[in-house]
Amino acid sequence: MTIHIIRHTSVGIDLSICYVQSFVPLKETFIDETTIVKFNLDKLSKPDAIFSSPLSRCIKFAYFCGFKDATLDDRLKEFYFGDWELKLWKNLNMMDWQNDWLLKPPPNGEPLPKMYNRVANFLDELRKENHSVVYIFVYAGVIKCGKTYLVQTTLEKAFNNPIPYGGIATFEI
């Protein structure tokens with residue numbers, strides 16, 4: 001099975017704000033960016049299954065790419081930063097969290113291992129399906145957890161290689 005995990009396009013919010021799982025608009029360049037992604041997807045094999053995070057920026061992205069029938073799955077949501085959502089990064093007291101970000105959740109947020117486990121659970125179920133090509137519309141954090149699971153690297157290493165907006169990560173399982 002070939003899995004193409006596609007990151008949504010640029011967001012229309014100041015990147016100095018922690019917006020991770022919050023509703024935020026896509027950038028005004030959405031149509032231009034998505035047209036390029038769609039062109040790149042058109043060069044790949046057609047999917048026989050399409051999945052998306054249920055959050056609006058991924059749904060809109062998948063829809064614009066021509067996949068109105070994407071199956072929405074809560075396990076594909078981005079990392080949840082709890083009390084830090086929609087706050088300026090510079091105003092957050094992140095010292096304790098930064099010392100143990102792999103295990104310690106942000107205040108009232110999600111521990112990274114929990115996110116990893118939900119993504120791994122989704123991929124475990126996907127492995128049981130009889131698909132040839134799968135498209136998954138998500139976020140950088142989900143891609144990094146998927147990469148950690150599928151190529152058996154560490155979360156720490158997976159977070160070292162940023163995935164660009166509109167990027168496509170491909171895996172064979």
Side-chain angles (χ1 to χ4, degrees), residues 1-11 13 15-24 26-27 33-34 36-37 40-41 44 47 49-62 65 70-82 84-86 89 92 94 96-127 131 133-173:
M1 175 184 327
T2 301
I3 300 173
H4 299 289
I5 308 179
I6 307 117
R7 184 180 181 197
H8 64 81
T9 57
S10 303
V11 293
I13 188 171
L15 296 182
S16 66
I17 297 173
C18 176
Y19 66 87
V20 191
Q21 208 180 87
S22 297
F23 169 80
V24 295
L26 291 162
K27 203 168 188 176
E33 289 180 63
T34 305
I36 292 167
V37 175
N40 291 330
L41 290 174
L44 302 174
I50 303 106
F51 298 91
S52 175
S53 163
L55 300 178
S56 64
R57 58 188 184 269
C58 287
I59 294 171
K60 181 178 180 180
F61 181 44
C65 285
T71 301
L72 306 181
D73 196 306
D74 280 339
R75 295 172 294 181
L76 299 174
K77 287 181 179 177
E78 181 60 291
F79 185 71
Y80 181 57
F81 267 85
W84 292 348
E85 292 277 332
L86 298 179
W89 287 105
L92 301 176
M94 300 176 69
D96 287 342
W97 181 74
Q98 286 176 324
N99 290 332
D100 193 16
W101 64 274
L102 285 171
L103 297 176
K104 183 177 179 139
N108 295 309
E110 176 179 35
L112 189 55
K114 182 177 179 184
M115 179 187 176
Y116 171 82
N117 287 335
R118 64 179 159 83
V119 172
N121 178 269
F122 170 83
L123 293 169
D124 280 340
E125 284 186 21
L126 190 60
R127 282 182 191 266
H131 300 300
V133 178
V134 176
Y135 287 4
I136 305 172
F137 292 86
V138 291
Y139 316 89
V142 174
I143 294 171
K144 291 170 184 178
C145 287
K147 178 180 179 182
T148 299
Y149 177 78
L150 293 170
V151 299
Q152 299 180 344
T153 186
T154 65
L155 279 170
E156 211 165 29
K157 287 182 182 174
F159 276 78
N160 289 338
N161 300 317
I163 306 295
Y165 289 113
I168 303 169
T170 300
F171 305 94
E172 295 290 334
I173 61 169

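Reckoned from all heavy atoms, side chains included, excluding hydrogens, waters and symmetry mates.
- At least one side-chain heavy atom of N40 sits less than 4.5 Å from a side-chain heavy atom of I36.
- Residues I5 and Y135 fail the side-chain proximity criterion, which asks for heavy atoms closer than 4.5 Å.
- Between E85 and Y80 the shortest side-chain heavy-atom distance falls below 4.5 Å.
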Taking only distance into account, with no hydrogens and no angle test, what donor-acceptor pairs under 3.5 Å do side-chain atoms of residues 97-105 form with protein atoms, sequence neighbours excluded?
| unit_1 | atom_1 | unit_2 | atom_2 | d |
| --- | --- | --- | --- | --- |
| W97 | NE1 | K104 | O | 2.9 |
| N99 | ND2 | M95 | O | 3.2 |

Check: residues 112-123 side-chain donor-acceptor pairs under 3.5 Å, at least two apart:
| unit_1 | atom_1 | unit_2 | atom_2 | d |
| --- | --- | --- | --- | --- |
| N117 | ND2 | P113 | O | 3.2 |
| R118 | NE | E110 | OE2 | 2.8 |
| R118 | NH1 | R75 | O | 2.9 |
| R118 | NH1 | K77 | O | 2.6 |
| R118 | NH2 | K77 | O | 3.2 |
| R118 | NH2 | E78 | O | 3.1 |
| R118 | NH2 | E110 | OE1 | 2.8 |
| R118 | NH2 | E110 | OE2 | 3.2 |
| N121 | OD1 | R75 | NH1 | 2.4 |

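- Side-chain contact between C65 and F137 is present, with heavy atoms from C-beta onward closer than 4.5 Å.
- Listed here is the closest heavy atom pair of M1 and L126: CE-O, 3.2 Å.
- The minimum heavy-atom distance linking V24 with V11 is given by the pair CG2-CG1, 4.0 Å.
- Side-chain contact between F61 and R7: absent, with no pair of heavy atoms (C-beta onward) separated by less than 4.5 Å.
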task = Evaluate the side chain to side chain contact (heavy atoms under 4.5 Å, CB included) criterion for residues L76 and F51: first the C-alpha distance (whole Å), next the side-chain angles of each, then the deciding distance (0.1 Å), finally the verdict.
result = CA-CA 9 Å; L76 299 174; F51 298 91; 3.9 Å; yes
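- Residue-environment remark: CD (Q152) stays at or below the threshold of 12 foreign heavy atoms within 6.0 Å.
- Among all heavy-atom pairs drawn from E33 and S10, the shortest one is OE1-OG, 2.9 Å.
- In terms of heavy atoms, V20 sits closest to F81 at CG2-CD1, 3.2 Å.
- Put simply, the side chain of Q21 reaches to within 4.5 Å of the side chain of L55, judged on heavy atoms.
- For the side-chain contact (heavy atoms from CB on, under 4.5 Å) with I173, the lone residue among V151, V134, L150 that qualifies is L150.
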task = Check the pair T71 / I50 against side chain to side chain contact (heavy atoms under 4.5 Å, CB included), numbers first and verdict last.
result = CA-CA 6 Å; T71 301; I50 303 106; over 6 Å; no
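- The aromatic ring centroids of W84 and Y19 lie 6.0 Å or more from each other.
- Among all heavy-atom pairs drawn from G167 and I163, the shortest one is CA-CG2, 4.5 Å.
- No side-chain heavy atom of I6 sits less than 4.5 Å from a side-chain heavy atom of V138.
- The aromatic rings of Y165 and H8 lie tilted to each other, with the angle between the two planes from 30° to 60°.
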request  = Check the pair L86 / I13 against side chain to side chain contact (heavy atoms under 4.5 Å, CB included), numbers first and verdict last.
outcome  = CA-CA 10 Å; L86 298 179; I13 188 171; 4.2 Å; yes
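- Rounded to the nearest 0.5 angstrom, I143 CD1 and I168 CD1 are separated by 9.5 Å.
- At a threshold of 4.5 Å between non-hydrogen side-chain atoms, the residues S52 and I59 count as touching.
- Looking at residues two or more places apart in sequence or on another chain, you find a side-chain hydrogen bond (donor to acceptor under 3.5 Å, both in side chains) between S53 and Y139.
- The two residues S22 and R57 have their closest heavy-atom pair at O-NH1, 3.0 Å.
- Atoms NE2 and CG, on H4 and L41 in that order, are 8.0 Å from each other to the nearest 0.5 Å.
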